[in-house]
Amino acid sequence: MLRIGLTGGIGAGKSTVSAMLVDHGAALIDADRIAREVVAPGEPLLDRLVEAFGPQILDAEGALNRAALAAAAFVDSERTATLNGLMHPAIRDRTAEHFARHAEADIVVHDVPLLVENSMTPGYHLNLLVDVPAEVRLGRLMDSRGMDRADAEARIARQADDETRRAACDVIIDNSGDIEATRDAVRRLLETRIDPFAENLVAQRRAARPALRLTDPADADWAGDAARVIAKLRHGTGERFAIDHIGSTSVPELPAKDVIDLQLIVPDLDTARLLAPRLAELGYPGRELSDHLVEGGLEGKWFHANTDPGRAVNLHVRTEGSVGARFALAFRDLLRTDAGERERYLGLKRGLVERVISEAGTDAEAGAESAAGSDTEATNAYAEAKEPYFLEMRRLLVPESFD
């Protein structure tokens with residue numbers, strides 16, 4: 001099951017996008033509907049709310065009067081905490097029931113208005129933001145919902161701002177234009193990312209990689225991408241392991257292949273093996289491999305890679321204190337602090353990319369824009385060609401490994 005979190009500010013049009021996804025065959029779980037469901041007459045939670053806040057929170061028909069509940073619950077932090085302590089577990093459990101009902105679905109979309117505000121994004125494979133600037137949403141709330149300006153502005157202000165949402169989500173769907181433009185954007189997203197992501201996840205198959213080329217860091221958000229992936233991995237593995245952004249994309253201002261390299265540290269390879277199925281569920285299938293050390297020397301690790309075609313990730317699972325783990329962090333830190341070494345490494349990379357692509361019988365521009373979008377053979381040749389340089393760096397940074 002591909003779990004998708006869907007969010008957007010009030011007035012952004014989440015329901016419009018969720019309907020498009022449902023039309024495509026996705027199952028929908030609506031957080032607002034669940035919040036109403038758990039307090040309906042006859043639900044145990046409603047009785048507990050009456051016990052906590054009194055019968056005045058009910059209307060004449062015995063249904064919840066939300067305004068009366070708010071007046072009773074938001075008078076101080078203690079009563080607000082009581083409300084949250086009753087509501088959140090009930091909503092969490094009912095949400096889990098809804099996910100269980102859709103266990104056989106390929107794609108499940110969870111529409112949550114406060115997905116970002118409640119720090120829920122790490123719990124999903126992919127997070128979609130229906131994005132409309134606040135000033136446009138303000139106009140929509142006044143025009144279509146009849147709100148006065150002060151009320152609309154207050155509601156918008158109580159939610160996360162636009163930049164916070166954009167930083168937390170993987171995909172931004174612009175819904176500020178006409179509905180056909182939004183429909184086209186959703187269709188492209190389904191075809192190029194969501195559908196193949198769901199298929200790869202079921203097959204535990206790594207997504208195709210882009211052709212070999214160096215990307216200007218100004219054209220990417222590697223720090224943001226890495227932070228979002230790390231948050232998902234930490235959440236999905238119970239916050240038990242240290243995970244770091246390593247490799248060229250972790251070095252500001254260094255052009256690199258558009259692949260996020262991460263390192264997850266385990267106590268031993270048995271733990272790595274036991275962890276592998278969970279990482280596959282999170283979207284990172286893997287296998288046991290080895291790091292090359294000195295001539296003929298190997299050090300065991302597990303290597304996992306992305307099923308999401310929209311974000312290439314190499315996840316290196318290494319043991320605590322291993323040479324590979326120490327070198328990865330030391331080399332990253334060297335490149336971050338030593339401008340001369342950073343330039344030397346960049347010159348090496350540029351020369352090797354040009355050479356490898358030339359030997360493959362194509363020029364760099366054609367390689368970058370190949371229809372297939374991937375060139376595993378060229379990428380592997382590029383990695384192998386860097387080994388003499390890495391051997392030199394290992395002698396410098398982890399010299400004790402050569403004893």
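For the single chain, residues carry numbers from 1 onward in sequence order.
Taking the six-membered ring where tryptophan is involved, the planes of Y389 and Y345 are essentially parallel, since the angle between them stays under 30° and well short of 60°. Ring planes of Y124 and H110: tilted class, angle from 30 to 60°.
The side-chain hydrogen bond (donor to acceptor under 3.5 Å, both in side chains) test applied to D244 returns no partner, not counting sequence neighbours.
Salt-bridge check for D30 with K14: failed, with every basic side-chain N at 4.0 Å or more from each acidic carboxylate O. Salt-bridge check for R394 with E387: passed, with a basic side-chain N closer than 4.0 Å to an acidic carboxylate O. A salt bridge links R137 with D162: the closest approach of a Lys/Arg side-chain nitrogen to an acidic carboxylate oxygen falls below 4.0 angstrom. Using a cut-off of 4.0 Å between Lys/Arg side-chain N and Asp/Glu carboxylate O, D170 and K232 are scored as salt-bridged. Salt-bridge check for E163 with R166: passed, with a basic side-chain N closer than 4.0 Å to an acidic carboxylate O. A salt bridge between E37 and R33 is absent, with no side-chain N of the basic residue lying under 4.0 Å from a carboxylate O of the acidic one.
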### Task
Quick one: do R209 and N306 satisfy side chain to side chain donor-acceptor pair (under 3.5 Å)? Show the steps, please.
CA-CA 9 Å; R209 289 294 173 90; N306 56 292; 2.9 Å; yes
#### Entry: From CA spacing to verdict: side chain to side chain donor-acceptor pair (under 3.5 Å), K257, T379
CA-CA 10 Å; K257 293 189 286 103; T379 299; 6.0 Å; no
### Message
For L58 and V50: C-alpha separation, side-chain torsions, deciding distance, then whether side chain to side chain contact (heavy atoms under 4.5 Å, CB included) applies.
### Response
CA-CA 8 Å; L58 301 179; V50 171; 3.8 Å; yes
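Q56 places no side-chain N or O within donor-acceptor distance of the main-chain N or O of A68, the cut-off being under 3.5 Å.
In this structure, the side chains of R213 and V353 stay at 4.5 Å or more apart for every pair of heavy atoms. A heavy-atom distance below 4.5 Å is found between the side chains of L49 and M87. Looking at heavy atoms from C-beta onward, L21 lies in side-chain contact with V186 at the 4.5 angstrom threshold.
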